[in-house]
Amino acid sequence: QVQLQESGPGLLKPSQTLSLTCTVSGGSITTTVYYWSWIRQPPGKGLEWMGAIAYSGSTHYSPSLKSRTSISRDTSKNQFTLQLSSVTPEDTAVYYCARVRTGWGFYEYEYWGQGTQVTVSS
């Protein structure tokens, strides 16, 4: 069974850079076809896709966040990392990592981490 777990700081001050790591077990992040995504959910709002890194290492970002977002990976540790710079209180959310399979006109979010609360406050 594939399991994902997010880790990182839960509290940041405005202007700092958020760094979250997703540790994957039960499957390799280099396995063909799969993408590894970051999604967040602000309080009272819906899910927002932030970006993803493919099995090949290529990255894809939400247009609204790409200027501040960087996703990388460490294949030796089977981990991928989200960095979000210049955070503001509007970045307060529960952050999730997930494994994604793509097909004809759909994205299947097969496995999710439990999520981690990130609060940006002065």
Side-chain angles (χ1 to χ4, degrees):
Q1 179 74 277
V2 175
Q3 293 183 312
L4 297 83
Q5 183 170 331
E6 305 89 348
S7 62
L11 182 64
L12 293 173
K13 296 184 182 299
S15 82
Q16 292 184 324
T17 296
L18 170 66
S19 183
L20 296 176
T21 295
C22 184
T23 300
V24 179
S25 61
S28 173
I29 62 173
T30 63
T31 297
T32 304
V33 176
Y34 298 113
Y35 287 66
W36 304 87
S37 294
W38 287 99
I39 309 97
R40 68 180 183 180
Q41 186 170 35
K45 299 182 179 180
L47 297 169
E48 178 186 20
W49 178 78
M50 302 182 70
I53 186 165
Y55 60 92
S56 64
S58 64
T59 53
H60 310 264
Y61 301 106
S62 169
S64 64
L65 295 171
K66 64 181 179 180
S67 66
R68 299 193 292 133
T69 306
S70 179
I71 298 173
S72 58
R73 66 180 183 174
D74 185 338
T75 57
S76 68
K77 298 179 180 179
N78 213 37
Q79 297 175 330
F80 62 105
T81 298
L82 169 73
Q83 289 190 305
L84 182 67
S85 65
S86 303
V87 298
T88 73
E90 287 68 45
D91 294 312
T92 294
V94 177
Y95 285 73
Y96 300 92
C97 55
R99 191 177 87 169
V100 183
R101 181 173 66 89
T102 62
W104 285 89
F106 74 93
Y107 298 87
E108 183 181 0
Y109 287 76
E110 300 176 309
Y111 299 97
W112 293 70
Q114 64 182 1
T116 186
Q117 174 69 48
V118 175
T119 300
V120 181
S121 176
S122 61

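Because only heavy atoms are used, hydrogens play no part in the values below, and waters and symmetry mates are left out as well, while side chains stay in. Just so you know, residue 1 is the first one in the sequence shown, and it goes up from there.
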If you take all heavy atoms of L47 and W112, which pair is closest and at what distance?
CD1-CH2, 4.0 Å
Write down the atom of I39, the atom of A98, and the distance for their closest heavy-atom approach.
CD1-CB, 3.7 Å
Under 4.5 Å between any side-chain heavy atoms of Q83 and S19, yes or no?
yes
Going through the distances and angles, do Y96 and Y109 end up as a side chain to side chain contact (heavy atoms under 4.5 Å, CB included)?
CA-CA 11 Å; Y96 300 92; Y109 287 76; over 6 Å; no
Identify the heavy atoms of D91 and V87 that sit nearest to each other, and give their distance.
OD2-CA, 3.1 Å
Derivation of the side chain to side chain donor-acceptor pair (under 3.5 Å) call for T23 and Q79:
CA-CA 5 Å; T23 300; Q79 297 175 330; 3.0 Å; yes
Between Y35 and H60, what is the ring plane arrangement, given parallel below 30°, perpendicular above 60°, and tilted in between?
tilted
With rounding to the nearest 0.5 Å, note down the distance linking CG in L4 to OG in S25.
7.5 Å
Applying side chain to side chain donor-acceptor pair (under 3.5 Å), run through S28 and T30 and close with a yes or a no.
CA-CA 5 Å; S28 173; T30 63; 2.8 Å; yes
Side chain to side chain donor-acceptor pair (under 3.5 Å) between Q1 and Y111: does it pass, once the steps are laid out?
CA-CA 9 Å; Q1 179 74 277; Y111 299 97; 3.1 Å; yes
Considering only heavy atoms from C-beta outward, does the side chain of T102 approach that of Y34 to under 4.5 Å?
no
Measuring only between side-chain heavy atoms, which start at C-beta, is W36 closer than 4.5 Å to V24?
yes
Under the side-chain contact (heavy atoms from CB on, under 4.5 Å) test, residues paired with E48 that sit two or more places apart:
R40, S64, L65
Check whether any side-chain heavy atom of S7 sits under 4.5 Å from a side-chain heavy atom of T21, and report yes or no.
yes
Mind checking whether L12 and T119 have side chains closer than 4.5 Å, heavy atoms only?
no
Could you please spell out the steps behind the side chain to side chain contact (heavy atoms under 4.5 Å, CB included) verdict for C97 and E6?
CA-CA 7 Å; C97 55; E6 305 89 348; 3.6 Å; yes
What distance do R99 atom CZ and Q3 atom CD have between them, rounded to the nearest 0.5 Å?
12.0 Å
Can you tell if the side chain of S15 reaches within under 4.5 Å of the side chain of S86, non-hydrogen atoms only?
no
Using a 4.5 Å cut-off on heavy atoms from C-beta on, say whether the side chain of M50 contacts that of S62.
no
Residues C22, T81; criterion side chain to side chain contact (heavy atoms under 4.5 Å, CB included); working and verdict:
CA-CA 6 Å; C22 184; T81 298; over 6 Å; no
Looking only at heavy atoms, what is the nearest atom pair of S37 and V100, with distance?
OG-CG2, 3.3 Å
Measuring from atom CD1 of I53 to atom CG of L82, what distance do you get when rounded to the nearest 0.5 angstrom?
11.5 Å
Minimum heavy-atom separation for A93 to P43, with atom names?
CA-CD, 4.4 Å
Looking at L84, is its backbone amide N or carbonyl O close enough to the side chain of R68 to form a donor-acceptor pair, meaning the two atoms are under 3.5 Å apart?
no
I29 side, atom CD1; N78 side, atom CG - distance, nearest 0.5 Å:
5.0 Å
Determine whether the aromatic ring centres of F80 and W38 lie less than 6.0 Å apart.
yes
T59 and I71 have their tightest heavy-atom pair at CG2-O, 3.4 Å
Would a hydrophobic clustering, with Ile, Leu, Val, Met, Phe, Trp and Tyr connected at side-chain separations under 4.5 Å, put L11 with V120?
no
For side chain to side chain contact (heavy atoms under 4.5 Å, CB included), just list the numbers for Y61 and S67, CA-CA rounded to whole Å, side-chain angles, deciding distance to a tenth of an Å, and then say yes or no.
CA-CA 9 Å; Y61 301 106; S67 66; over 6 Å; no
Gap separating the OH atom of Y55 from the OG1 atom of T32, nearest 0.5 angstrom
6.0 Å
